[in-house]
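Heads up: the structure comes next, in C-alpha cells.
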Amino acid sequence: MGADLSQLKRAVYLLKQSKCTVCFTGAGISVESGVPSFRGEDGLWEKYNPDLFEIDYFYKHPEKSWALINKIFFEILKDKKPNKAHYALAKLEELGYIKAIITQNIDNLHYLSGSKNIIEYHGNSRTLVCKKCGKKFNASDFDLSSVPMCPHCNIPLKPDFVFFGEMIPKEAQEKSEELMRQCELVIIIGTSGLVYPAAFLPMLAHKSGAKIIEINKTFSEYTDKIVDVFLEGSASEILEEILVELDTH
Ligand code: APR
C-alpha cells in the first residue's frame with residue numbers, strides 16, 4: 001500500500017513548483033539496505049549504550065571504543081548497497097528536481113548511489129582522521145580489528161564521523177544552514193528528528209518560508225509541527241511512486 005494518492009499528488013505539485021528543493025535524510029532511508037536505524041524496533045541504541053560513542057570515551061578507551069565502532073559500523077556497512085530510495089534521489093537530482101541532499105547518515109549510500117551534491121552533516125565512514133596532524137586516511141587501508149594508528153604521530157586514528165560531544169564540521173554546518181534558508185521545499189526522509197543540531201535544519205527552512213514534505217513510516221518530531229505533506233510508508237516505495245507520478249504528469 002503506497003502513500004495516500006491525494007497527498008502524493010500534492011507532494012509532486014510542490015516538487016514541480018519548487019525552484020530549490022533540498023532533501024534531509026536520516027537512518028530510515030537506509031533501513032531497506034539492511035542498515036539498522038538508531039531508534040525504534042531493532043534500533044542500535046536499543047542494543048548499545050550511545051554513551052560509548054562520546055568523544056571523551058573514545059580518547060580514554062580507544063581499544064574498547066574501536067572494537068565496538070568496528071563491530072556496529074564498519075563490519076555492518078562494508079557489504080551494504082544503496083536501495084531504490086537512494087537511487088530515486090540520485091535520479092531526481094539528475095532530472096533537476098533536487099539541488100542537494102543533507103544527510104545525517106555515515107553509511108556512504110547516497111555517495112554510492114550516484115548523488116552528486118551531498119552534505120555529510122555527521123561526516124562519513126570512508127575516512128579516518130588523525131586529530132593531532134589532521135591527516136586523513138582511507139578506512140579500507142586498515143585492518144580495523146585492531147586500533148588504527150597514525151603512521152606519523154603514532155596515536156589512534158578516529159573515524160571521520162561526528163561523535164556525540166563533537167562539533168559538526170564547520171563547512172557542512174554553514175552550507176546546510178545556507179541551503180535551508182534559501183530553499184523553497186524540503187523533503188525530510190527517514191529521520192526521527194531527535195538529534196541536534198541536525199534536527200534544527202528543517203525547522204530553519206520552515207521558519208524561512210519553505211514548504212515541508214515528510215516521508216516516514218511513523219510520525220516524527222516534525223510531523224505535526226512543520227510538515228505540509230506527510231507521506232506515510234517506506235522511503236523506497238514512496239520515492240518510486242513520486243518518480244512515476246512525475247513521469248506521467
Ligand atoms: N522508510 C522511511 N522511514 C523509515 C523507514 C523506511 N523504510 N524505516 C525507518 N524509518 C524511520 C523511523 O520511523 C524513524 O523515524 O526512520 C527514522 C529513523 O530514526 P533514527 O533511528 O532516530 O535515525 P536518525 O533520525 O537518522 O538519527 C539521527 O542520531 O544517533 C544519532 O548520529 C546518529 O545520525 C543519527 C542521528
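Remember, it's 1-based here, ligands and their atoms both numbered in the order they're listed.
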Strictly distance-based, threshold 3.5 Å: is any side-chain N or O of E221 a donor or acceptor partner for the main-chain N or O of S192?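 Not at all, since once roles are kept as given, no pair shorter than 3.5 Å links the two residues.
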Quick check against the 3.5 Å criterion: does S30 have a side-chain atom that pairs as donor or acceptor with the backbone of S33?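 Not a single qualifying donor-acceptor pair exists.
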With backbone taken as N, CA, C and O and side chain as the heavy atoms from C-beta onward, which portion of F53 lies under 4.0 Å from ligand 1: side chain, backbone, both, or neither?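 Neither; no heavy atom under 4.0 Å.
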Non-hydrogen atom of [X] closer than 4.0 Å to ligand 1:
| X | value |
| --- | --- |
| A198 | no |
| Y121 | no |
| T218 | yes |

Any salt bridge linking K9 with E245? Criterion: basic side-chain nitrogen under 4.0 Å from a carboxylate oxygen.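 Yes, charged N to carboxylate O under 4.0 Å.
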Provide the number and element of each atom of ligand 1 under 4.0 Å from a heavy atom of [X].
| X | answer |
| --- | --- |
| H122 | 32 (O), 34 (O) |
| G26 | 26 (O) |
| V195 | 29 (O), 31 (C), 36 (C) |
| G233 | 1 (N), 2 (C) |

List the atom of I238, the atom of L8, and the distance in Å for their closest heavy-atom pair.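 The pair with the smallest heavy-atom distance is O-CD1, 4.4 Å.
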Taking every non-hydrogen atom, the tightest pair across G34 and K80: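 In terms of heavy atoms, the two residues are closest at O-CE, 3.1 Å.
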Describe, in one word, how the ring planes of F137 and F142 are oriented to each other, choosing from parallel (under 30°), tilted (30 to 60°) and perpendicular (over 60°).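 Rings of F137 and F142: perpendicular, over 60°.
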Evaluate the ring planes of F24 and Y222, with Trp represented by its six-membered ring, and classify them as parallel (under 30°), tilted (30 to 60°) or perpendicular (over 60°).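 If you compare the ring of F24 with that of Y222, the planes turn out perpendicular.
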Is L92 linked to I189 within one hydrophobic cluster, defined over Ile, Leu, Val, Met, Phe, Trp and Tyr using a side-chain heavy-atom separation of less than 4.5 Å?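 They do share one cluster, since a chain of ILVMFWY contacts under 4.5 Å joins L92 to I189.
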Nearest-neighbour protein heavy atom for [atom], which is reported as residue plus atom name and distance:
| atom | result |
| --- | --- |
| atom 7 (N) of ligand 1 | E32 OE1, 3.0 Å |
| atom 27 (O) of ligand 1 | R39 NH1, 3.1 Å |
| atom 19 (O) of ligand 1 | S192 N, 3.5 Å |
| atom 11 (C) of ligand 1 | N216 OD1, 3.2 Å |
| atom 25 (O) of ligand 1 | T191 OG1, 2.6 Å |
| atom 2 (C) of ligand 1 | A235 N, 3.6 Å |
| atom 10 (N) of ligand 1 | G28 CA, 3.6 Å |
| atom 26 (O) of ligand 1 | A27 N, 2.8 Å |

Show every donor-acceptor pair shorter than 3.5 Å between a side-chain atom in residues 150-160 and any protein atom, with sequence neighbours excluded, or say none if there are none.
| residue | atom | partner | partner atom | Å |
| --- | --- | --- | --- | --- |
| K158 | NZ | F161 | O | 2.7 |
| K158 | NZ | E166 | OE1 | 3.1 |
| D160 | OD2 | T127 | OG1 | 3.0 |
| D160 | OD2 | K136 | NZ | 2.7 |

Hey, do the aromatic rings of F163 and F58 have their centres closer than 6.0 Å?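 Yes, they do, as the ring centres are separated by less than 6.0 Å.
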Compute the ring centroids of F73 and W66, then answer whether they are less than 6.0 Å apart.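 No, they do not, as the ring centres are separated by 6.0 Å or more.
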With a 3.5 Å cut-off and sequence neighbours excluded, list the donor-acceptor pairs that the side chains of residues 113-120 form with protein atoms.
| residue | atom | partner | partner atom | Å |
| --- | --- | --- | --- | --- |
| S113 | OG | L109 | O | 3.1 |
| S113 | OG | H110 | O | 2.9 |
| K116 | NZ | G114 | O | 3.0 |
| N117 | ND2 | K99 | O | 3.0 |
| E120 | OE1 | N124 | ND2 | 3.4 |
| E120 | OE1 | R126 | NH2 | 2.9 |
| E120 | OE2 | R126 | NH1 | 3.0 |
| E120 | OE2 | R126 | NH2 | 3.4 |

Would [X] count as being in polar contact with ligand 1, using the rule that some N or O on each side must be under 3.5 angstrom apart?
| X | result |
| --- | --- |
| G190 | yes |
| S220 | no |
| F38 | yes |

